Amino acid sequence: MSTRVVYTDLDGTMVGPRGSFWHTEGRELTADPAATLLELHRAGVALVLVSGRTFEQVVEAARIFAADGAIAELGATISWDAARQTHRLTGALPPEHAGRAPMAVMAELGVVDALVAEHPGRVEWHAPWHATHETDALLRGRLDPLAVDAWLAERGLGWLTLKDNGALPRTARTTLAPAEAPPRVYHLMPRGITKGAAIAWDLQRRGLTPADAVAIGDSVSDLEMAPAVDRLWITANGAGVEGMADLLAAVPNVTVTDAAMGEGWAQAVRASL
């Protein structure tokens, strides 16, 4: 066995619809992910949750799944030792804002208000989950991240970037304008803070190398984990998103699972043991 750590995304990857660990993408009951998690723990392989959720949310999930560590807000906060120890990445936050939470800086600059005004009906806060984020502005909508990044750069805010973190269910309650495509979750945050950067830091702390680790995800932001690990697995639901195929083609160490979400996650874990 070469894998010593499994870094995994949560929503749409390890857990399925509405965050359930017991349902398939089609909402049928399954014990496969749970049985696989037991195999992982019995094999002595560390599990680290890597999510866009807040620190408190990811730490609580880590307790439930008996994870060895947790990485929150898309790589901003790394925690271990039952969350008694933490390390924060600040990315490209300008020196004049050193020591401040990026979200506080963005609020002061009015960045989100300006972005919403620029795209009426196409973006809004991902309420109520956005309220406690400190590093990123958690949004939902239908935007072109590259176009938003260019818009930010034009306003002297090139230190920020918009990251796509996957699709919401079509039934999600929003105040967005009606559209054929389901809304997506976005994180507006400082450049340089990524899941991959957080994994690289955590592996160094553990005295391990990328060859010792695998990662599992489902979204564009999860592709940033690829350089930090030996193998990146993308679940079938994530691979099927429009435009994802071209992005996957550029990642040499990626493998797509046969199944979606929890069942696909189980396939990736078992193949790594």
Side-chain angles (χ1 to χ4, degrees), residues 1-16 21 24-25 32-52 58 61-62 65-72 74-75 78 80 89 163-166 193-241 243-273:
M1 182 181 67
S2 60
T3 301
R4 298 180 62 181
V5 188
V6 171
Y7 292 93
T8 180
D9 174 57
L10 273 172
D11 300 291
T13 300
M14 185 176 180
V15 298
F21 195 48
T24 67
E25 184 181 37
D32 192 38
T36 303
L37 178 60
L38 182 60
E39 290 180 32
L40 180 74
H41 287 316
R42 282 178 170 167
V45 176
L47 175 71
V48 178
L49 306 184
V50 189
S51 174
V58 181
F65 294 120
D68 184 67
I71 297 174
L74 243 58
I78 305 151
W80 64 100
L89 300 180
K163 295 188 177 185
D164 184 325
N165 199 29
I193 299 176
T194 69
K195 289 184 175 183
I199 289 173
W201 191 94
D202 189 61
L203 283 172
Q204 184 176 30
R205 178 189 68 80
R206 294 170 182 270
L208 301 177
T209 70
D212 298 310
V214 300
I216 314 171
D218 74 309
S219 69
V220 174
S221 64
D222 292 325
L223 299 182
E224 296 176 334
M225 298 191 287
V229 297
D230 181 64
R231 173 65 47 186
L232 170 65
W233 294 84
I234 293 293
T235 52
N237 54 293
V241 172
M244 191 66 154
D246 291 338
L247 296 175
L248 291 173
V251 182
N253 64 334
V254 69
T255 298
V256 176
T257 65
D258 298 321
M261 300 183 179
E263 291 178 308
W265 179 86
Q267 176 194 342
V269 170
R270 285 181 171 142
S272 302
L273 295 180

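All figures in this text were calculated on a predicted structure; none of them were measured in a lab.
- Taking the six-membered ring where tryptophan is involved, the planes of Trp80 and Trp201 are tilted, since the angle between them lies from 30° to 60°.
- Residue Ala260 comes nearest to Glu25 through the heavy atom pair CB-OE1, 3.4 Å, listed as atom of the first residue, atom of the second, then distance.
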Pair Arg270-Asp32, salt bridge (Lys or Arg N to Asp or Glu O under 4.0 Å): steps then yes or no: CA-CA 11 Å; Arg270 285 181 171 142; Asp32 192 38; 2.6 Å; yes
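- Note on Arg206 versus Asp212: no salt bridge recorded, every NZ/NE/NH1/NH2 to OD/OE distance being 4.0 Å or above.
- Asp11 and Ser51 get closest at one heavy-atom pair: OD2-OG, 4.4 Å.
- In this structure, OH on Tyr7 lies 11.5 Å from CG on Leu49, to the nearest 0.5 angstrom.
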Criterion side chain to side chain contact (heavy atoms under 4.5 Å, CB included) on Leu37 and Leu47, from CA distance to verdict: CA-CA 9 Å; Leu37 178 60; Leu47 175 71; 3.7 Å; yes
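- Heavy atoms only, all atoms of each residue included: Gly166 and Ser219 are closest at N-CB, 3.7 Å.
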Side chain to side chain contact (heavy atoms under 4.5 Å, CB included) evaluation trace for Thr36 with Trp265: CA-CA 9 Å; Thr36 303; Trp265 179 86; 4.3 Å; yes
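- The CD1 atom of Ile216 sits 11.0 Å away from atom OG1 of Thr255, with the distance rounded to the nearest 0.5 Å.
- In this structure, Thr3 contributes its side chain and Ser272 its backbone to a donor-acceptor pair below 3.5 Å.
- Each of Thr235, Ile234, Val241 was checked for a side-chain contact (heavy atoms from CB on, under 4.5 Å) with Asn237, and the lone residue meeting it is Thr235.
- Proximity of a side-chain donor or acceptor of His41 to a complementary backbone N or O of Phe65 within less than 3.5 Å is detected.
- At a threshold of 4.5 Å between non-hydrogen side-chain atoms, the residues Asn253 and Asp230 do not count as touching.
- The CG atom of Leu208 lies 6.0 Å from the CG atom of Leu203; values are rounded to the nearest 0.5 Å.
- Note that the CG atom of Leu232 and the CD atom of Glu224 stand 11.0 Å from one another [nearest 0.5 Å].
- Here the side chains of Val269 and Met14 are not in contact, with every heavy-atom distance at 4.5 Å or above.
- The closest donor-acceptor contact from the side chain of Thr257 to the backbone of Ala236 lies under 3.5 Å.
- Met244 places a side-chain heavy atom less than 4.5 Å from the side chain of Leu223.
- Residues Ala228 and Ile199 approach most closely at CB-CG2, 3.8 Å, considering heavy atoms.
- Contact check for Leu273 versus Leu40: side-chain heavy atoms found under the 4.5 Å cut-off.
- Distance check: Leu10 CG to Asp218 CG gives 10.5 Å after rounding to the nearest 0.5 Å.
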Chi angles and distances behind the side chain to side chain contact (heavy atoms under 4.5 Å, CB included) call for Asp222, Lys195: CA-CA 7 Å; Asp222 292 325; Lys195 289 184 175 183; 2.5 Å; yes
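- Summarising the geometry of Ala62 relative to Gly69, their closest heavy-atom pair is CB-O, 4.3 Å, with the distance given to 0.1 Å.
- Across all non-hydrogen atoms, the minimal contact from Ala266 to Pro33 is CB-CA, 4.3 Å.
- With Ser221 as reference, Leu74 is the one residue of Asp9, Leu74, Val50 to meet the side-chain contact (heavy atoms from CB on, under 4.5 Å) rule.
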